[in-house]
Peer 1: 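Before I ask anything, let me first share the structure, which is written out below as structure tokens.
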Amino acid sequence: MSSNTRRLVAGLLMCAVLAGCGTADNGPAAPTTSGGLTKVKLQLQWFVQAQFAGYIAAVDRGFYKEEGLDVEILEGGVDIVPQTVLAQGNADFAVAWVPKALASREQGAGITNIGQIFQRSGTYQVSFADKNIRTPADLKGKKVGNWGFGNEFELFAGMTKAGLDPGRDVTLVQQQFDMQALLRGDIDAAQAMSYNEYAQLLEAKDPATGQLYQPSAFTVLDWNVVGTAMLQDALWANTARLDDAAYQDVAVRFLSGTIKGWAYCRDNPEQCRDMVVAKGAKLGASHQLWQTNEANKLVWPAPNGIGVIDEAAWNATVDLSLTTRNQDGQTVLTKQPEGLAYTNDYVRRALDAVRADGIDVTGAGFQPLTVTLAEGGV
Amino acid sequence: MTETAVALTGVTKVFNPGRPDEVTALTGVDLTVGRGGFVSLIGPSGCGKSTLLRLVADLVAPTTGTVTVAGKPARTARLDQEYGIAFQQAGLFEWRTVARNVELPLELRGTGRRERRERAREMLDLVGLADFADHYPAQLSGGMQQRVAIARALAVHPPLLLMDEPFGALDEMTRERLQDELLRICASTGTTTIFVTHSIPEAVYLSDRVVVMSARPGRITEVVEVDLGPRGEATRQSEEFFAGITRVRRALRGGPADGAVPAAAGPATPVGER
Amino acid sequence: MTSTVDPVVAADPAAPVAASRRRRSGRGPLGTVLPPLIFGVGGLLLWEATVVLGRVAPFILPAPSAIGREFGGNLAVIWQAGLASGANALVGLLAGAVVGILAAMLAGRFRFLGEVSVPVAAALNALPIIALAPILNNMFESTSSIPRRLVVAIVVFFPVFVNTSRGLRLVDPTHRELMDSYAVRGWTFTRLVRLPGALPFVFTGLRQASSLAVIAAVVAEYFGGLQDGLGSRITSAAALTAYPRAWAFVVGACVLGLVFYLVALGLERLATPWRARRPG
């Protein structure tokens, strides 16, 4: 072969390899086993923290092992997109927010929602009480911080619903994933998760009084109340592999273990906090207790059973994803989700199995704790 | 009585005195150059010919002895721009046009713009490069760059021209042509020239006197008088030319040349104007 | 073979004439532009074919056609964001360049400063801008453009400083002797010899710095602060898994970088005309 022909063949081979990376037709892969247990990888949405207490408890308390699963938890981070990790086959299940996961689906990621763990949204827009921002309409003319990165749509939907033009009526500011900008007064309203950044405010000292800030110092816009909340933490599975009976079975067992884990954290928040801290969470013990408690509030009560995807809530989220525009005029989705976007089949089977063990899966009597925070969250 | 252009009396130059790397570059130098004369300095490396030139230029100071240029101490002569100097590298400023390079010494002595430009044009005419006034040095060949350097050296019409192997980096044909050019220019301007070279034919062709030097320590061993009359094509083939080359070669080897007295010490007689 | 007489040859027949000078007139500007153009277009076609034939999902690797569509569909946003990033890059570039040149001149003037500055500059240059951006963002107001411009200025400082220092240091010994013969030293020497001699080096540094400035301006935005430039558009599109759009903004950033580079090149040609007109 002449050298030119050789080069051509090499080039074509490279294209073939690259094409092989395409996931448009990913076939099913058999899950691997170790010591009789099936190995499962779970990709978290963010760094290890009590937001994921249920999964961590399920590992530490052996709930997954009871189901015959050896679950490895993969920590998330700033540049890790959990649904992409799942779609590319580097994890078996992933925790991801519904709008972002649906956006990935639109770009070809083959994933399906098999369990809506968080029934409510935990996004707040917080401001100091003296700014008098009690409804989204009060944001007009203010400096409004948000994290971008796809986290901003509830805020934008809220503003649009109140009749504001986000591009013109407010000053939009990119916010770091902390509360410094609000505390310094650089912005008037800041985005915060009820279970994380909001606590950071209550862990900071008010320079005027020398004491920790109290909730009365702030006003909170809760998008669940405003009506523009979108579904968040859900468990996603690889759609193509759901054709495989073995994977379906693993999914049901995984959901069972997860449900038991979250039920345990509902009933034993301090122990769950300890497990999360032991796993290397970034912020301290009192902060993680707050987070466990707040996460529980998003999960429980779940009248239809934890993890069931409510059709009305789903449609509302999809609707907002199609219609809300961010500051670049972009929407989350450009068309209705196609194919198997969500299914309650597996979670119902899991709920039946867990209920049969006598475990409470609706949390009707759930009472949240009152958590005292310490400075710096220790 | 002819004017003395340059006079060195009892000059020695020791570099790094008192240190382990001390070297005696020149010792016991007495030399006089009359106005309009053309003197070559020739010798093996280490004989101090470049040092001698730099003493005249006041680029180094003598350890003992005096150096006089145009009747003044060498330092004053330098500050008064009594000489122009050309090195083996043309040393043109690549960021200036050819004309602006020639204007440099005039600029430094504060000459007005119009006069500078005229003088530069005049000098470039002299060296035959008037058409290249607005070119940049990088566009010129090596020989042309040296011609510009000569034009620059003569821009202030100095009475003295010092040259340190200026044609050393050029090929033979260019060198011979530039030798003729140089003689023509010096003749028309009446400049006194001290020319350092390590080429015997070049020294003989150009000079009235060839100062032969030797090393360790650097000193003048002999002065060879040369009289070839008006130079032309024929000169390079003439008997007198080859005879001169032979005399210089013998002097370099250390043996006495015909009729020449070894001038290790004592003043050499100045030659009359050409 | 040219029909006109080469002026250098006419004036100096012995001058060596580069053979390439005679040959160059045959291969016009088309000859230099066409091959890379064909190569680039060919590469794009290969990319498109790979994505389409291999049915590669957009979230792995988008097709050039999809990127082109997004580019066309978002021109207004790309333009606005490009202006913002460009302004940051320009301000940072000017600030960093001025400080770099002044520092190089000081380092040249005071030998002690020069010796101290080299290891310090090397150590500072090893610091990734990633470490600086969030720190600077916290030091300033959230709506300020200063942190990003500072990041650009710091990134620009090093190539300008290093190249200018080298240029100021490299003085031809012949020039030195020549100026000694004219009794010129000190500021006059600097003005007449060092500075003009250093100019090509300064522009080499500026050319390097110009593309770095755009990269720094775009990347600095990844870490917060005011989000009005191309960097934030890239990350927000990526967060929404809208990779064709993200790539479209990347293309915008490339275009911006190219513009900066070409302007720097043009300025270099203007300021140092003697380098352009080399023979052969």
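To find a chain, count down the sequence lines: A is the first, B the second, and so on, and within it residues start at 1. Keep in mind that the numbers below use all heavy atoms, side chains included, and drop hydrogens, waters and symmetry copies.
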Peer 1: For A:Ala91, check side chain to side chain contact (heavy atoms under 4.5 Å, CB included) against everything at least two apart and list the hits.
Peer 2: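 With sequence neighbours excluded, A:Ala91 shows a side chain to side chain contact (heavy atoms under 4.5 Å, CB included) to A:Lys41, A:Gln43, A:Leu74, A:Val85, given in chain and number order.
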Peer 1: Answer yes if the side chains of C:Arg207 and C:Ser210 hold a donor-acceptor pair under 3.5 Å, and no otherwise.
Peer 2: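 Looking only at side-chain atoms, C:Ser210 and C:Arg207 do not form any donor-acceptor pair under 3.5 Å.
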Peer 1: Measuring heavy-atom distances to chain C, does A:Glu106 have an atom under 4.5 Å in its side chain, in its backbone, in both, or in neither?
Peer 2: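 Neither part.
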Peer 1: Can you check whether anything in residues 68-80 of chain C gets within less than 4.5 Å of chain A, heavy-atom wise, and list it by number?
Peer 2: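 The stretch touches chain A at C:Asn74, C:Val77.
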Peer 1: Donor-acceptor check, side chain of A:Gln175 to backbone of A:Gln191, threshold 3.5 angstrom: yes or no?
Peer 2: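 Pair found, side chain donor or acceptor close to backbone of A:Gln191.
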Peer 1: List in chain and number order the residues that pass side chain to side chain contact (heavy atoms under 4.5 Å, CB included) with C:Phe157, two or more places apart in sequence or in another chain; answer none if no residue qualifies.
Peer 2: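 For C:Phe157 the side chain to side chain contact (heavy atoms under 4.5 Å, CB included) partners, ignoring immediate neighbours, are C:Val99, C:Ala103, C:Phe161.
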Peer 1: Can you sort out the partners of A:Glu375 under salt bridge (charged side-chain N to carboxylate O under 4.0 Å, His left out), two or more places apart, ordered by chain and number?
Peer 2: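 A:Glu375 satisfies salt bridge (charged side-chain N to carboxylate O under 4.0 Å, His left out) with A:Lys205 once adjacent residues are dropped.
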Peer 1: Who wins among C:Pro58, C:Ala237, C:Ser232, C:Pro244 for the most heavy-atom pairs under 4.5 Å with chain A?
Peer 2: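 Heavy-atom pairs under 4.5 Å are most numerous for C:Pro58.
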Peer 1: So, the side chain of A:Gln232 versus the backbone of A:Gly122: is there a donor-acceptor pair under 3.5 Å, distance only?
Peer 2: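 A pair under 3.5 Å: yes.
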Peer 1: Between A:Glu154 (side chain only) and A:Met230 (backbone N and O only), is there a donor and an acceptor less than 3.5 Å apart?
Peer 2: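 Judged by distance alone, yes, a pair lies under 3.5 Å.
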